[in-house]
Asks: 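Please read through the structure below; I'll follow up with questions.
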Amino acid sequence: MTLDTTYIRGTMAAILSVLQHSSCPQNIAFHFIASASATATTSILRATISSSFPYMNFQVFPFNDSSVSRLISTSIRSALDCPLNYARSYLGNLLPSCVHRVVYLDSDLVLVDDIAKLAHTQLGDNSVLAAPEYCNANFTSYFTPPFWSNPSLSLTFANRKACYFNTGVMVIDLDRWREGDYTTKIEEWMELQKRMRIYELGSLPPFLLVFAGNIAPVDHRWNQHGLGGDNYRGLCRDLHRGPVSLLHWSGKGKPWDRLDTDRPCPLDALWAPYDLLQWQTPFALDS
Ligand SMILES: *[C@@H]1O[C@H](CO)[C@@H](O)[C@H](O)[C@H]1NC(C)=O
Ligand SMILES: *[C@@H]1O[C@H](CO)[C@@H](O)[C@H](O)[C@H]1NC(C)=O
């Protein structure tokens, strides 16, 4: 997970939910990625975590924001343009080579099931990552008309059954990632995006370009996403049909903001029990 002031309330809630639903919490190692330029803030965040979870095994790794800043193009939602949002593309380099597989998690979610089940997802012989796929989503809409009308670009998806997946919950084989140098492949698409606008969102489309159609499936229960509402108006969303192992407030609205302003969506009540920092955030963590 990433670690920063803006999302610390979400991060703490996510950690608590992971530990609470794990049958073997002592087997879980958390790896947090924090901005290398915010060392003072990071030590406060680190202290916040260790005082709430004194027995938890965790490490914080610094992320050089400026290494990715030059590649970021503005998106339709400014929160998506923050460099740390791109840290998920650099896990292969950021984490030690003895870390072979990770579950990447966004900070706006809670688990209500044992993360070990997700971590043990079968990746098959070739897949680098696993995530729930949504083949009913309109894949075309994630890329711009200039992208689709340029055959040398749109042919990327030829012979691939490309479906949308959400990059907030991913099981990643870091050995395969490093071996295939997928960070560079993602960066190449970001460089192209700088030159001609091929998509509108932030870190998600490059993942789709590189991986969609080649990922290992994960049951939809592991990413009930979109609970933050849509990117434009933040309307409340309901759960997708089926069982739930993970609730994800992706989208514009965040449950902590809506609860604070007394305008929660109905499902925000499921996040509230994990809100450890309810009374602390504003004064203790002001960066
Ligand atoms: C961070 O990245 C920038 C741009 O790539 C580079 O110039 C700088 O030396 C890096 N900083 C560190 C501490 O590695
Ligand atoms: C999918 O999205 C594209 C671009 O946004 C749109 O032109 C098309 O009509 C959509 N297709 C369906 C089936 O909704």
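Index from 1, following the sequence. Being a predicted model, the structure only gives us computed values, none of them experimental. First listed ligand is number 1; within each ligand, the first listed atom is number 1.
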Asks: Taking NZ, NE, NH1 and NH2 as the nitrogens, is one of them in D175 or R178 under 4.0 Å from a carboxylate oxygen of the other?
Replies: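 Looking at D175 and R178, the cut-off is met.
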
Asks: Counting each atom of ligand 1 from 1 as listed, which ones have a heavy atom of S67 under 4.0 Å away?
Replies: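 Contacts of ligand 1 toward S67, numbered from 1: 2 (O), 5 (O).
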
Asks: Strictly below 4.0 Å, N to O, side chains only: are K117 and D113 in salt-bridge contact?
Replies: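 Answer for the salt bridge query: yes.
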
Asks: List of N/O pairs, ligand 2 versus protein, all under 3.5 Å?
Replies:
unit_1   : atom_1 : unit_2 : atom_2 : d
ligand 2 : 2 (O)  : N138   : OD1    : 3.4
ligand 2 : 2 (O)  : N138   : ND2    : 2.3
ligand 2 : 11 (N) : N138   : ND2    : 3.0
ligand 2 : 14 (O) : N138   : ND2    : 3.4

Asks: Name all pairs fulfilling the salt bridge (Lys or Arg N to Asp or Glu O under 4.0 Å) condition that reach into residues 93-112, sequence neighbours left out, sorted by first residue then second.
Replies: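 Checked against salt bridge (Lys or Arg N to Asp or Glu O under 4.0 Å) - neighbours excluded - the pairs reaching residues 93-112 are R88-D106, D108-K254.
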
Asks: How about Y90 and E187: does a side-chain donor come under 3.5 Å of a side-chain acceptor?
Replies: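 Short answer, yes.
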
Asks: Would you say Q26 has more than 12 foreign heavy atoms packed within less than 6.0 Å of its CD?
Replies: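 Yes - once you tally the heavy atoms of other residues, nucleotides and ligands closer than 6.0 Å, there are more than 12.
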
Asks: Are the aromatic rings of F61 and F63 close, with centres under 6.0 Å apart?
Replies: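 No, ring centres 6.0 Å or more apart.
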
